[in-house]
Amino acid sequence: MAKIATILFIQLMMIFISLHQKTLAIEITTYNLLKLGANPNGKGDSTNSLSKAWSLACESKTPSIIYVPKGSFLIKHLHFKGPCKNKGITFRVDGTLVAPANYNDIGDANYWLLFEWADGVSINGGTLDGRGVALWACKKNGKNCPSGVTTLAFSNSKNVAINGLTSRNSQMFHIVINGCENVKLQGVNVLASGNSPNTDGIHVQLSKGVSILQSKISTGDDCVSIGPGTTNLLIEKVHCGPGHGISIGSLGKDFDEAGVQNVTVKNVTLSNTQNGLRIKTWAKPSKGFVRNILFQHATMTNVENPIVIDQNYCPSNKNCPGQVSGVKISDVTYHDIQGTSATGIAVKFDCSKASPCQGIKLENVHLKYKNQPARASCSNAVGTIVGPIEPSSCLS
């Protein structure tokens with residue numbers, strides 16, 4: 001009797017599993033851009049096809065896949081707006097999305113591809129080509145040019161995953177995460193010329209629970225820039241160069257500004273960058289703050305300013321000459337920072353007179369300048385050292 005009951009139970013379980021698998025297969029619908037009229041030659045406009053794919057996927061009550069096959073697809077400005085009726089839209093991208101060749105077509109739109117109020121969106125693979133080279137040249141020549149667009153932005157979204165994506169030659173910022181929660185970027189590749197203007201690799205602000213992992217960023221501005229209101233950010237196994245380094249800031253431009261806290265940057269490499277690990281604040285009153293920051297296991301190669309806190313940022317001496325920063329910086333640790341500086345001063349803490357940096361900790365720091373001892377410079381910086389430190393600490 002027991003044997004019969006066992007056999008019946010197994011048979012019922014097999015039927016249940018089979019039905020469950022069939023249900024899953026039915027639930028996931030794929031929207032192929034080619035079947036929606038997209039042109040893979042990079043010349044015909046495929047904007048409407050991608051927009052239709054999003055509308056169908058967003059209206060679906062079950063998870064969906066938007067498939068971009070091999071080829072080049074010309075896309076103008078698109079706004080992927082939620083909330084959607086499901087929380088499982090996946091973009092599977094084998095091809096390349098290209099911006100219009102004429103930067104005036106989208107140059108004043110702020111964003112090329114904007115996701116807003118999205119929940120559970122994933123982007124797997126693919127290339128985004130912003131075609132920004134002509135706009136960079138226009139700006140360099142001082143001509144009347146549009147400001148340019150950010151290539152990819154997520155705003156007020158959550159549970160987002162970006163895997164194996166390449167962003168190339170963005171007009172402005174490559175990727176922006178704004179007002180989001182639980183975002184994971186992994187295996188991202190950012191490519192732009194070292195002299196491309198304002199092409200930050202990944203910018204995070206007003207967001208919490210963001211991870212940037214195993215990525216390579218080569219650009220003309222900050223590889224990663226961290227704006228106001230960022231909390232619980234992890235940056236790990238990221239290579240930066242060329243570029244302006246990994247930067248918290250600039251902060252404190254506005255008086256009532258959210259602070260930055262709980263940021264960990266570890267196992268990173270920086271090569272031939274303008275800065276290494278930087279905190280930058282405007283020299284003007286602000287309620288902002290930076291606290292509980294860990295920079296750990298970083299390797300520098302020919303970096304101009306490997307470790308820097310600059311609280312006297314005042315570009316073109318406008319709106320802040322003679323003022324001091326109100327941003328309070330505290331509990332910042334630099335642990336196991338190694339490599340070479342391209343300048344004689346490898347460590348510079350230029351902190352605020354009104355709010356001196358507190359709780360700065362240097363532990364096992366070894367930075368050289370042309371095989372010679374480098375120097376450190378400190379103003380209004382209070383902290384401690386642990387283990388051997390090179391250059392010699394100037395913390396008070």
Side-chain angles (χ1 to χ4, degrees), residues 42 46-47 50 68 72-80 91 93 95-116 121 123 125-141 143 145-155 157 160 162-178 180 183 185-205 207 210 212 215-227 235 238-247 273-274:
S46 297
T47 307
L50 184 54
V68 181
S72 294
F73 298 87
L74 175 62
I75 303 294
K76 296 180 179 179
H77 165 70
L78 262 182
H79 186 183
F80 303 94
F91 286 76
V93 188
T96 299
L97 303 186
V98 296
N102 186 345
Y103 51 73
N104 286 305
D105 288 351
I106 59 171
D108 289 318
N110 293 324
Y111 301 101
W112 178 25
L113 306 172
L114 170 62
F115 289 83
E116 192 172 23
V121 168
I123 300 175
T127 298
L128 305 178
D129 188 348
R131 287 182 167 178
V133 176
L135 180 60
W136 307 339
C138 179
K139 291 180 177 180
K140 184 178 181 180
N141 294 329
K143 296 180 180 179
C145 320
S147 59
V149 294
T150 288
T151 288
L152 174 65
F154 278 86
S155 182
S157 299
V160 173
I162 302 173
N163 302 296
L165 175 70
T166 295
S167 177
R168 183 170 64 214
N169 294 336
S170 182
Q171 293 183 5
M172 287 274 286
F173 288 22
H174 286 260
I175 300 173
V176 168
I177 307 299
N178 171 62
C180 294
V183 178
L185 302 98
Q186 187 163 8
V188 171
N189 193 19
V190 170
L191 298 168
S193 167
N195 59 9
S196 56
N198 303 118
T199 53
D200 292 45
I202 301 172
H203 177 74
V204 182
Q205 65 179 23
S207 298
V210 177
I212 303 170
S215 297
K216 184 176 181 180
I217 303 172
S218 304
T219 190
D221 211 297
D222 293 335
C223 291
V224 180
S225 54
I226 302 161
I235 300 170
V238 169
H239 174 78
C240 169
H244 292 183
I246 296 173
S247 182
T273 54
Q274 186 182 92

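Quick note: numbers below take in every heavy atom, side chains included, and nothing from hydrogens, waters or symmetry partners. Heads up: numbering here begins at 1 and tracks the sequence.
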Shortest non-hydrogen separation from Gly243 to Cys223 and the atoms involved: CA-SG, 4.3 Å
Short side-chain to backbone donor-acceptor contact, Ser215 and Val188, under 3.5 Å: yes
Ring pair (Phe, Tyr, Trp, His ring centres under 6.0 Å) partners for Phe154, two or more places apart: Phe115
Interatomic distance, Cys180 atom SG to Glu116 atom CD [nearest 0.5 angstrom]: 9.5 Å
Test side chain to side chain contact (heavy atoms under 4.5 Å, CB included) applied to Asn198 - qualifying residues, sequence neighbours left out: Met172, Asp221
Approximate separation, where rounding is to 0.5 Å, of Ile212 CD1 and Ile226 CD1: 7.0 Å
Validation row: Ile162, Leu152 side chains within 4.5 angstrom (heavy atoms): yes
Sidechain-backbone polar pair: Ser196 side chain, Gly194 backbone, donor-acceptor under 3.5 Å: no
Pair Leu50-Phe73, side chain to side chain contact (heavy atoms under 4.5 Å, CB included): steps then yes or no: CA-CA 9 Å; Leu50 184 54; Phe73 298 87; over 6 Å; no
Atom of Ile75, atom of Trp112 and distance for their closest heavy-atom approach: O-NE1, 2.8 Å
Side chain to side chain, Leu135 and Cys145, heavy atoms closer than 4.5 Å: yes
Set of side chain to side chain donor-acceptor pair (under 3.5 Å) partners for Ser218, sequence neighbours left out: none
Separation between OG1 of Thr219 and CG of Asn195, rounded to the nearest 0.5 Å: 10.0 Å
Main-chain N/O of Gly241 paired with Lys216 side-chain donor or acceptor, under 3.5 Å: no
Check: Asn104 main-chain N/O paired with Asn102 side-chain donor or acceptor under 3.5 Å: yes
Pairs meeting criterion salt bridge (Lys or Arg N to Asp or Glu O under 4.0 Å) with involvement of residues 164-174, two or more places apart: Asp129-Arg168
Ile217: which of Asp222, Val190, Asn189 passes side-chain contact (heavy atoms from CB on, under 4.5 Å): Val190
Listed partners of Tyr111 passing side chain to side chain contact (heavy atoms under 4.5 Å, CB included), at least two apart: Leu114, Thr150, Ala153
Distance (rounded to the nearest 0.5 Å) between Thr273 OG1 and Ile246 CD1: 8.5 Å
Separation between CH2 of Trp136 and OG of Ser170, rounded to the nearest 0.5 Å: 8.0 Å
Side-chain heavy atoms of Val149 within contact of His77, under 4.5 Å: no
Point-to-point distance, once rounded to the nearest 0.5 Å, from CZ of Phe173 to CG of Asp200: 3.5 Å
Residue pair Leu97, Leu113: steps toward the side chain to side chain contact (heavy atoms under 4.5 Å, CB included) verdict: CA-CA 10 Å; Leu97 303 186; Leu113 306 172; 4.2 Å; yes
Min side-chain heavy-atom separation Thr199-His174 under 4.5 Å: yes
Side chain to side chain contact (heavy atoms under 4.5 Å, CB included) evaluation trace for Gln171 with Thr151: CA-CA 7 Å; Gln171 293 183 5; Thr151 288; over 6 Å; no
Results of side chain to side chain contact (heavy atoms under 4.5 Å, CB included) for Lys76 - residues two or more places apart only: Asp45, Thr47, Pro100, Ile106
Minimal non-hydrogen separation, Ala99 against Gly130, with atom names: CB-O, 3.6 Å
